[in-house]
Amino acid sequence: MQKVRTWLYMGIYISGVVLGWLLLALSMGLFALEDTSHYSPVVAVVWLCSGLLGFIFLLVALVVEMIVVYKMWAAIGGPSARTTPGKAVGFLFIPVFSLYWEFQVYWGWAKDYNKIVIERQLNVPLMSTGLGLTIPILNILGWIPYVGWLLGLAIPVLRVIFLSKACTCVNVLCDAGVTPYLLWTQQRQNSEQSN
């Protein structure tokens, strides 16, 4: 398993979130300021392009986050992990169920990672389970009117902190020689075929 380039993934993620929200804010601001009695095609084009670019930047940030989530679960996978990397990412796209599944993906990963570190007596830092629990809770609270606007600023910051720490944990596991999920499944399939 290869190490995760924390600075690359977090740089792309942070840039995507910041630029995406700034461009969407510009788009919404232009839409609010546009006088419908004096329609300006230039403003309409800028409004449309900034909204589209903002959406694209946020989509790039989402893709990077899903890549990191996949790599997190692939690093600790095996018989003691609560899910597979594919399920961890895929179930996040199921409407409503994803509110529950985020607890499994973030808080569950932190607990499973810590369990592996303790079971194998690795001399590596533990992951904060409180941070992994805070993210899904804030996402649920974000649906409350007015509260969601305040939390909208905190959630991306907490995600960056969690994902960067998770990347560091994955790299530490690589240095410690922990067998990654994909290698574990291949070894299991080979042993089943030989029996």
Side-chain angles (χ1 to χ4, degrees), residues 4 9-32 47-115 127-167 169-170 181-182 185:
V4 178
Y9 286 119
M10 292 301 97
I12 294 171
Y13 181 78
I14 292 168
S15 301
V17 169
V18 170
L19 290 174
W21 282 116
L22 285 176
L23 287 168
L24 284 177
L26 171 67
S27 176
M28 289 187 289
L30 287 173
F31 183 73
W47 168 74
L48 184 64
C49 288
S50 62
L52 185 61
L53 279 174
F55 177 74
I56 289 170
F57 277 116
L58 288 174
L59 190 61
V60 167
L62 176 67
V63 168
V64 168
E65 182 179 356
M66 293 302 107
I67 290 171
V68 173
V69 166
Y70 185 90
K71 289 179 179 278
M72 287 169 18
W73 282 99
I76 67 163
S80 61
R82 68 185 66 216
T83 188
T84 64
K87 285 181 184 176
V89 172
F91 287 2
L92 284 174
F93 292 98
I94 300 173
V96 182
F97 179 75
S98 64
L99 294 174
Y100 157 76
W101 192 247
E102 277 192 336
F103 284 94
Q104 298 302 316
V105 170
Y106 296 103
W107 186 37
W109 182 83
K111 291 186 342 186
D112 286 358
Y113 167 82
N114 290 343
K115 186 170 108 179
M127 183 66 180
S128 169
T129 55
L131 183 60
L133 179 61
T134 304
I135 291 171
I137 289 174
L138 291 181
N139 279 336
I140 290 173
L141 293 176
W143 287 92
I144 300 172
Y146 302 110
V147 175
W149 285 99
L150 295 173
L151 296 178
L153 301 173
I155 293 170
V157 172
L158 291 176
R159 282 188 188 277
V160 167
I161 294 169
F162 182 87
L163 293 174
S164 64
K165 286 185 177 205
C167 288
C169 290
V170 168
Y181 174 76
L182 297 175
T185 55

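Keep in mind that the numbers below use all heavy atoms, side chains included, and drop hydrogens, waters and symmetry copies.
- A pairwise comparison of heavy atoms in Trp73 and Gln104 identifies CZ2-O, 3.3 Å as the closest pair.
- The shortest non-hydrogen separation linking Cys167 to Val4 is SG-CG1, 3.5 Å.
- With rounding to the nearest 0.5 angstrom, the CG atom of Leu138 is 9.5 Å from the CZ atom of Arg159.
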Self-check item: side chain to side chain contact (heavy atoms under 4.5 Å, CB included) between Thr83 and Trp101, intermediate numbers included
Solution: CA-CA 11 Å; Thr83 188; Trp101 192 247; 3.6 Å; yes
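- The closest side-chain heavy-atom distance from Leu52 to Leu48 is not below 4.5 Å.
- Residue pairs meeting the salt bridge (charged side-chain N to carboxylate O under 4.0 Å, His left out) criterion with at least one member in residues 80-97, sequence neighbours excluded, are Arg82-Asp112.
- In terms of heavy-atom proximity, Leu26 sits nearest to Ser50 at CD2-CB, 3.9 Å.
- Counting only distance, with no hydrogens or angles, the side chain of Ser15 and the backbone of Gly11 share a donor-acceptor pair below 3.5 Å.
- If you run side chain to side chain contact (heavy atoms under 4.5 Å, CB included) between Val68 and each of Met72, Glu65, Lys71, only Met72 comes through.
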Quiz item: Step by step, would you call Phe55 with Ser27 a side chain to side chain contact (heavy atoms under 4.5 Å, CB included)?
Solution: CA-CA 11 Å; Phe55 177 74; Ser27 176; over 6 Å; no
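- The closest side-chain heavy-atom distance from Trp21 to Leu153 is not below 4.5 Å.
- The two atoms that bring Ala166 and Met127 nearest to each other are N-CE, 4.0 Å, heavy atoms only.
- Across every non-hydrogen atom of Tyr13 and Pro156, the tightest pair is CE2-O, 4.5 Å.
- The distance from the CG atom of Leu19 to the CD1 atom of Ile56 is 12.5 Å, given to the nearest 0.5 Å.
- Between Phe97 and Tyr100, the angle of the ring planes lies from 30° to 60°, which puts this pair in the tilted group.
- Note: Leu163 CG to Ile135 CD1 = 6.5 Å, rounded to the nearest 0.5 Å.
- Of all heavy-atom pairs spanning Trp107 and Thr129, the tightest one is CD1-O, 3.2 Å.
- Under the ring pair (Phe, Tyr, Trp, His ring centres under 6.0 Å) criterion, the residue pairs touching residues 144-165 are Tyr106-Phe162, with sequence neighbours excluded.
- The 12-atom threshold is exceeded at NZ of Lys111, counting heavy atoms of other residues, nucleotides or ligands nearer than 6.0 Å.
- One N or O on the side chain of Ser164 and one on the backbone of Ile161 form a donor-acceptor pair closer than 3.5 Å.
- The CG atom of Leu158 lies 11.5 Å from the CD1 atom of Ile137; values are rounded to the nearest 0.5 Å.
- Expressed to the nearest 0.5 Å, how far CD1 of Ile94 lies from CG of Leu99 amounts to 11.5 Å.
- Taking CG of Leu59 as the start and CG of Leu53 as the end, the distance is 12.5 Å to the nearest 0.5 Å.
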